[in-house]
Amino acid sequence: MLSKHRIIHLVFIVAVFAFSLAIWIQFKNGLSLFAWRDVLLMLGLSIFSIALFFFSAFVFSSKEICAVFAAFLAGFLAVFAPERESWLGAFLAFLLLFYAQRRMAGSIQNRLKVSFYPLLLFGGSSMVTAMAILFGFASYFYPINLEKLQLKGNSLDRLVSLAEPFIGPRIPGYQKGMTVDELLKANINSSIEQSLGGISGAIPAGSLPFAIPPQALQGIKISQALIDKEIQNELNKQKTELGKKLGIEITGKENFSELVSSLFNSYVNRYLSPYKEFLPLVVAVSVFLTFKSFGFFVNRFALLIAWILAQILMAANVIKKQTETVDKEILGVWDPNKINLEAKK
């Protein structure tokens with residue numbers, strides 16, 4: 001029958017393997033580099049995995065901790081095993097994780113009380129680097145193509161909603177959520193109102209921002225249908241000119257977020273196509289550095305989760321704090337009389 005300690009160890013191994021498998025399957029098959037939910041999911045699963053690494057340092061032996069690390073790397077290799085380079089990435093990550101384990105074990109043994117915070121200095125950085133290496137290698141094998149690097153139309157909606165209060169005053173006639181057609185039409189109507197000066201009646205030639213056929217001007221009021229037709233012609237003309245300036249095709253139904261996304265996609269297709277052979281390496285290095293740059297926050301969130309998990313398990317009597325006597329060697333002046341007195345006691 002398995003002991004309680006062994007059962008907990010197996011639970012950790014299964015949990016870490018499940019987290020790892022979820023991370024790399026999602027990364028390989030369903031990740032969009034510009035979908036915030038996908039990125040947050042990857043980051044969250046990584047933080048929980050590191051939290052389990054932190055917690056393992058307190059309750060398991062060195063061999064048992066290495067088994068936990070191996071379970072995480074097994075999840076990575078289960079997805080990327082066909083790629084020979086992935087084995088190198090897993091080996092480098094294991095070396096860093098093993099080094100982190102030795103440093104954490106030394107820190108724990110040298111302290112009289114259980115404390116999670118020192119692990120940030122002893123092993124935390126190495127674990128983040130190991131995770132960044134795995135993400136770097138996974139990014140190198142990621143099926144990079146220009147379509148994968150393109151922004152979806154609604155990818156920047158939240159960012160644009162925050163920027164719209166600053167955008168509005170700088171774009172005449174712009175209001176929140178406007179499409180290109182609505183913005184251009186609002187500006188055209190504004191020009192008409194300024195040209196007419198608010199006066200209805202006969203409209204002399206040249207007073208509108210567009211050309212009206214001379215036969216339509218016979219000293220009579222211009223019909224609304226004719227005005228609408230000329231507004232639509234002017235609208236189409238301005239859309240065409242704007243599309244040529246920006247180098248994209250504009251339908252008029254795009255909002256500001258979709259327009260920025262189209263500009264980005266056009267830039268990707270125009271300037272990155274000649275260098276697509278180097279994209280995997282560039283993306284791999286970029287992902288590695290990006291994950292490392294978030295290491296400060298990743299470590300602290302992971303450590304907080306590990307501490308909370310320890311409190312929950314202690315409250316459930318799954319684990320408990322224990323004290324033990326440790327004998328250690330010291331150097332001092334040798335005094336045989338003192339030794340004899342202690343022996344008599």
Side-chain angles (χ1 to χ4, degrees), residues 1-26 40-78 90 93-94 96-131 134 294-328:
M1 185 175 179
L2 295 176
S3 65
K4 185 177 181 181
H5 179 89
R6 183 60 176 168
I7 292 174
I8 295 175
H9 183 233
L10 290 175
V11 168
F12 267 65
I13 289 177
V14 172
V16 167
F17 178 76
F19 283 153
S20 177
L21 208 58
I23 290 172
W24 306 121
I25 289 177
Q26 176 70 13
L40 290 177
L41 177 61
M42 298 295 100
L43 191 60
L45 291 173
S46 301
I47 289 174
F48 271 96
S49 298
I50 295 176
L52 293 181
F53 295 162
F54 277 132
F55 185 83
S56 298
F58 286 97
V59 296
F60 300 134
S61 66
S62 296
K63 291 182 179 179
E64 290 171 333
I65 296 173
C66 288
V68 174
F69 294 157
F72 187 85
L73 297 176
F76 174 78
L77 291 175
F94 181 80
L96 283 168
L97 290 173
F98 182 76
Y99 172 73
Q101 184 273 326
R102 299 308 300 167
R103 296 203 68 191
M104 290 189 295
S107 173
I108 293 171
Q109 291 174 1
N110 292 332
R111 294 185 177 275
L112 297 178
K113 293 186 177 181
V114 174
S115 177
F116 282 81
Y117 185 77
L119 300 189
L120 290 175
L121 302 177
F122 299 95
S125 178
S126 299
M127 288 195 294
V128 169
T129 303
M131 195 73 73
L134 294 178
F294 284 98
F296 178 87
F297 304 101
V298 169
N299 266 339
R300 280 154 178 78
F301 276 119
L303 200 67
L304 176 61
I305 293 172
W307 180 83
I308 293 173
L309 178 61
Q311 302 307 309
I312 293 174
L313 293 180
M314 282 192 291
N317 291 323
V318 177
I319 62 174
K320 65 177 182 178
K321 288 183 180 180
Q322 304 178 34
T323 58
E324 62 178 12
T325 302
V326 179
D327 295 328
K328 65 177 183 178

Enclosure of F19 CZ (heavy-atom neighbours >12, cutoff 6.0 Å): yes
Non-hydrogen side-chain atoms of L97 and M127 separated by less than 4.5 Å: yes
Give a yes-or-no answer on whether the side chains of Q101 and S62 include a donor-acceptor pair shorter than 3.5 Å. yes
How close do V128 and G295 get, counting heavy atoms only, and between which atoms? CG1-CA, 3.7 Å
Spell out, as yes or no, whether a donor-acceptor pair under 3.5 Å connects the side chain of S56 to the backbone of L52. yes
R300: partners by side chain to side chain donor-acceptor pair (under 3.5 Å), with sequence neighbours left out: none
Tell me the side chain to side chain donor-acceptor pair (under 3.5 Å) pairs involving residues 15-25, sequence neighbours left out? S20-W24
Between the CD1 atom in I312 and the CH2 atom in W307, the distance rounded to the nearest 0.5 Å is 9.5 Å
Which is it for F72 and I23 under the side-chain contact (heavy atoms from CB on, under 4.5 Å) test, yes or no, and what are the steps along the way? CA-CA 10 Å; F72 187 85; I23 290 172; 4.2 Å; yes
Rounded to the nearest 0.5 Å, what separates atom CZ in F98 from atom OG in S126? 12.5 Å
Minimum heavy-atom distance L45-A22, with the two atoms named: CD1-CB, 4.0 Å
Shortest non-hydrogen contact from M131 toward I50: CE-CG1, 3.6 Å
Within 6.0 angstrom of F60 CZ, more than 12 heavy atoms from elsewhere: yes
Between CD1 on residue I308 and CG on residue L303, distance to nearest 0.5 Å: 10.5 Å
Is the H5 ring parallel, tilted or perpendicular to the H9 ring (thresholds 30°, 60°)? parallel
Over all atoms of both residues, closest heavy-atom pair of G123 and A100: O-CB, 3.4 Å
Considering all heavy atoms, the nearest A51-A306 contact: O-CB, 3.5 Å
Step through it carefully: locate the ring centre of F53, locate the ring centre of F69, and say whether they are under 6.0 Å apart. yes
Rounded distance [0.5 Å steps], OH in Y99 versus CZ in F94: 15.5 Å
Spacing of CG belonging to L309 relative to CZ belonging to F48, to within rounding of 0.5 Å: 9.5 Å
Taking every heavy atom of F54 against every heavy atom of G124, the minimum-distance pair comes out as CZ-CA, 3.9 Å
For atom CZ of F301, decide whether the heavy atoms of other residues, nucleotides or ligands shown that lie under 6.0 angstrom number more than 12. no
Check whether any side-chain heavy atom of V59 sits under 4.5 Å from a side-chain heavy atom of I8, and report yes or no. no
With heavy-atom distances below 4.5 Å as the criterion, would you say the side chains of F55 and L313 are in contact? yes
Non-neighbouring partners of T129 that pass side chain to side chain donor-acceptor pair (under 3.5 Å), sequence neighbours left out: K292
